[in-house]
Amino acid sequence: MDAATPPQSPLRSMKVRCCIVGGGPAGMMLGYLLGRAGIDVLVLEKHADFFRDFRGDTVHPSTLQVMDELGLIDGFLKLPHQRLQTMDGLIGGTRVRIADLSRLHTKYPFIAFMPQWDFLNFLREAGKRFASLKVLMNTEAVDLIRHGEIIAGVRAKTGDGIVDIEADLTIACDGRHSTVRERAGFSVEEIGAPMDVLWFRVGRTPGETENLFARVEPGKMMVTFDRGDYWQCAYVIAKGQYDAVKARGLQALLDDVVRMAPILKHGVADVKSFDDVKLLTVAINRLKRWTRPGLLCIGDAAHAMSPVGGVGVNLAVQDAVATANLLADKLTRGCPTEDELDAIRRRRAFPVKMTQAMQVVVQNNIISGALKGGDRPLKVPLIVRLITALPWLQSIPARFIAIGVRPEHVHSTAARQS
Ligand SMILES: Cc1cc2nc3c(=O)[nH]c(=O)nc-3n(C[C@H](O)[C@H](O)[C@H](O)COP(=O)(O)OP(=O)(O)OC[C@H]3O[C@@H](n4cnc5c(N)ncnc54)[C@H](O)[C@@H]3O)c2cc1C
């Protein structure tokens with residue numbers, strides 16, 4: 001235990017082969033895959049449920065492909081969702097098309113919009129048939145257990161007190177504010193993001209429909225997702241400007257929202273105070289090393305993604321698939337060596353860097369310019385004009401967003417379940 005160990009003594013202790021910290025897309029998918037491979041695996045999730053509003057809700061074609069390879073797709077697509085094939089936006093009043101997924105040669109050429117809690121609950125329910133997989137909710141990793149240089153598990157806070165969980169391998173899937181990576185002392189390379197997001201719901205009546213998801217105007221930007229009975233709105237503000245937005249007052253914010261998206265004019269009455277508006281801080285960063293002896297970081301814990309392109313969930317899932325492919329067999333024998341653990345970084349660092357580079361290009365060329373404001377009308381960037389004018393070009397961003405770089409396929413074996 002290191003110097004900052006919380007003072008409480010553990011009430012209980014337990015031992016597992018693999019302890020996954022964090023039940024987000026990376027952690028729940030990895031838990032499912034390792035449970036399927038018959039590995040003794042425990043997933044810790046600090047919240048009591050998955051019902052939180054601030055998660056990405058996009059399930060991309062490559063994740064749908066993974067669900068297909070796992071034999072889960074039919075049940076999954078029975079959950080309520082909306083399908084998106086074309087990504088259209090308004091930039092300074094000009095309609096643009098950024099991507100058309102129908103042009104892709106893939107089995108599932110659409111993005112499924114589904115509340116992330118449904119996706120995570122589905123994985124949790126599906127994983128219940130694996131006797132070696134356990135998910136502990138309401139259990140927060142607060143520190144690492146160390147045996148010399150080796151990370152040997154985590155100390156966790158539960159409703160019943162403190163528990164020590166010894167593990168041959170600990171995998172941090174605890175997101176961009178990862179406690180595990182902070183406790184392990186990894187250095188983080190910050191790439192930075194110029195914006196934060198205000199996240200709120202606006203009521204939607206059945207007749208209200210609009211095939212537009214992004215709107216950009218001088219000084220303002222907003223994305224809307226059709227969630228069936230409401231619109232999920234993501235209003236983008238310049239980083240650190242939340243207090244200034246609050247100082248202008250709620251009505252000024254809602255007036256801007258309705259000016260940009262008149263379709264929201266009735267539903268905005270649902271936003272009654274700033275309590276209904278959540279501030280989500282955006283970060284792009286990555287670790288140089290993803291491992292220590294006995295420890296691996298994946299998903300946002302290894303590389304925080306911005307919301308641009310809605311690709312972070314997909315990358316987290318792809319990391320999980322690669323991790324199971326490369327480590328499941330080795331975990332049957334014990335903890336993989338640090339070099340074997342580092343194979344995950346060697347495989348996934350390239351897709352991560354390429355995707356973060358795309359996010360930075362969009363930040364620098366569209367978002368920063370738009371957020372500066374000013375009186376001059378916004379010009380549609382040349383590349384966006386070209387993509388809109390030449391439909392065959394729309395398959396390039398579609399492929400990048402929907403499939404990503406170096407898509408992963410499930411190769412880890414399924415153990416016979418008794
Ligand atoms: C404003 C915003 C909007 C976004 N929108 C999208 C989008 O539409 N589509 C998309 O694909 N991506 C989006 N992203 C990115 C996406 O949210 C992340 O890339 C993705 O969620 C990463 O998945 P993960 O499993 O690695 O981490 P997370 O989703 O962050 O999951 C981490 C989990 O670990 C749990 N946890 C944290 N600490 C502990 C602890 N100490 N002990 C136990 N559990 C712990 C958390 O409760 C959480 O459940 C968005 C990001 C932001 C900031």
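Both counts, for ligands and for their atoms, begin at 1 and track the order of listing.
- Ring planes of Tyr242 and Phe274: perpendicular class, angle over 60° (limits at 30 and 60°).
- Residue contacts with ligand 1 for Ala26 involve both N, CA, C or O and side-chain atoms from C-beta outward (heavy atoms, distance under 4.0 Å).
- Taking every heavy atom of Val21 and a limit of under 4.0 angstrom, the matching atoms of ligand 1 come to 40 (C), 42 (N), 43 (C).
- The backbone of Thr139, and not its side chain, has at least one atom closer than 4.0 Å to an atom of ligand 1 (non-hydrogen atoms only; backbone = N, CA, C, O).
- Aromatic ring centres of Phe50 and Phe119 lie farther apart than the 6.0 Å criterion allows.
- For ligand 1, the atoms lying closer than 4.0 Å to a non-hydrogen atom of Cys173 are 32 (C), 33 (C), 34 (O).
- Every atom of ligand 1 is numbered from 1 in the order shown, and the set under 4.0 Å from a heavy atom of Asp300 is 18 (C), 19 (O), 22 (C), 26 (O).
- Residue Ala141 places at least one N or O, backbone or side chain, under 3.5 Å from an N or O of ligand 1.
- Residue Val180 does not touch ligand 1, judged by heavy-atom distances below 4.0 Å.
- Which parts of ligand 1 touch Thr281 is read off a 4.0 Å heavy-atom cut-off, strictly below it: atoms 53 (C).
- Taking the six-membered ring where the residue is Trp, Tyr108 and Phe110 present perpendicular rings, their angle passing 60° and hence far from 30°.
- For residues 299-326, every residue pair satisfying the ring pair (Phe, Tyr, Trp, His ring centres under 6.0 Å) rule, not counting sequence neighbours, is listed here: Trp290-His303.
- Considering Glu182, Gln116, Glu45, Lys157 only, the shortest heavy-atom separation from atom 49 (O) of ligand 1 involves Glu45.
- Interface atoms of ligand 1 facing Leu44, defined by a heavy-atom separation under 4.0 Å, are 43 (C), 44 (N).
- In this structure, Glu125 contributes its side chain and Phe122 its backbone to no donor-acceptor pair below 3.5 Å.
- When Val59, Ile284, Asp174 are checked for heavy-atom proximity to atom 36 (N) of ligand 1, Asp174 turns out nearest.
- Within the 3.5 Å criterion, the main-chain N or O of Arg347 finds a donor-acceptor partner in the side chain of Arg406.
- Close approach of ligand 1 to Arg176 is summarised as follows: ligand atoms under 4.0 Å from at least one heavy atom of the residue are 53 (C).
- For ligand 1, the polar-atom distance check finds an N/O of Pro25 within less than 3.5 Å of one of the ligand's N/O atoms.
- Using a 4.0 Å cut-off between heavy atoms, Val142 makes no contact with ligand 1 at all.
- Residue pairs meeting the ring pair (Phe, Tyr, Trp, His ring centres under 6.0 Å) criterion with at least one partner in residues 252-272, sequence neighbours excluded, are absent.
- Contacts of Leu280 with ligand 1, taken as heavy-atom pairs under 4.0 Å, involve the side chain alone.
- Residue Asp143 forms a salt bridge (charged side-chain N to carboxylate O under 4.0 Å, His left out) with just one option from Lys157, Arg183, Arg155, and that option is Arg183.
- A donor-acceptor pair under 3.5 Å is formed between the side chain of Gln394 and the backbone N or O of Ile387.
- Not a single N or O atom of Val282, backbone or side chain, sits closer than 3.5 Å to an N or O atom of ligand 1.
- Note that Arg201 lies in the cation-pi zone of Tyr230, set by a 6.0 Å cut-off to the ring centre and a 45° limit from the axis.
- Applying the 4.0 Å criterion to heavy atoms of His47 picks out, from ligand 1, the atoms 47 (O).
- Polar contact check, Val313 against ligand 1: a nitrogen or oxygen pair lies under 3.5 Å apart.
- Of all the heavy atoms of Thr179, the ones lying under 4.0 Å from any atom of ligand 1 belong exclusively to the side chain.
- Considering each of Gly27, Gly310, Ala301, the one bringing a non-hydrogen atom nearest atom 10 (C) of ligand 1 is Gly310.
- Taking every heavy atom of Gly23 and a limit of under 4.0 angstrom, the matching atoms of ligand 1 come to 33 (C), 34 (O), 49 (O).
- For Lys46, a nitrogen or oxygen atom sits less than 3.5 Å from a nitrogen or oxygen atom of ligand 1, counting backbone and side chain alike.
- With Ser368 contributing its side chain and Gln363 its backbone, the two residues share a donor-acceptor pair below 3.5 Å.
- Side chain of Lys239 to main chain of Val282: a donor-acceptor pair is present (N/O by atom type, distance under 3.5 Å, no hydrogens or angles).
- Note on ring orientation: taking the six-membered ring where Trp is involved, the planes of Trp117 and Phe51 are tilted (angle from 30° to 60°).
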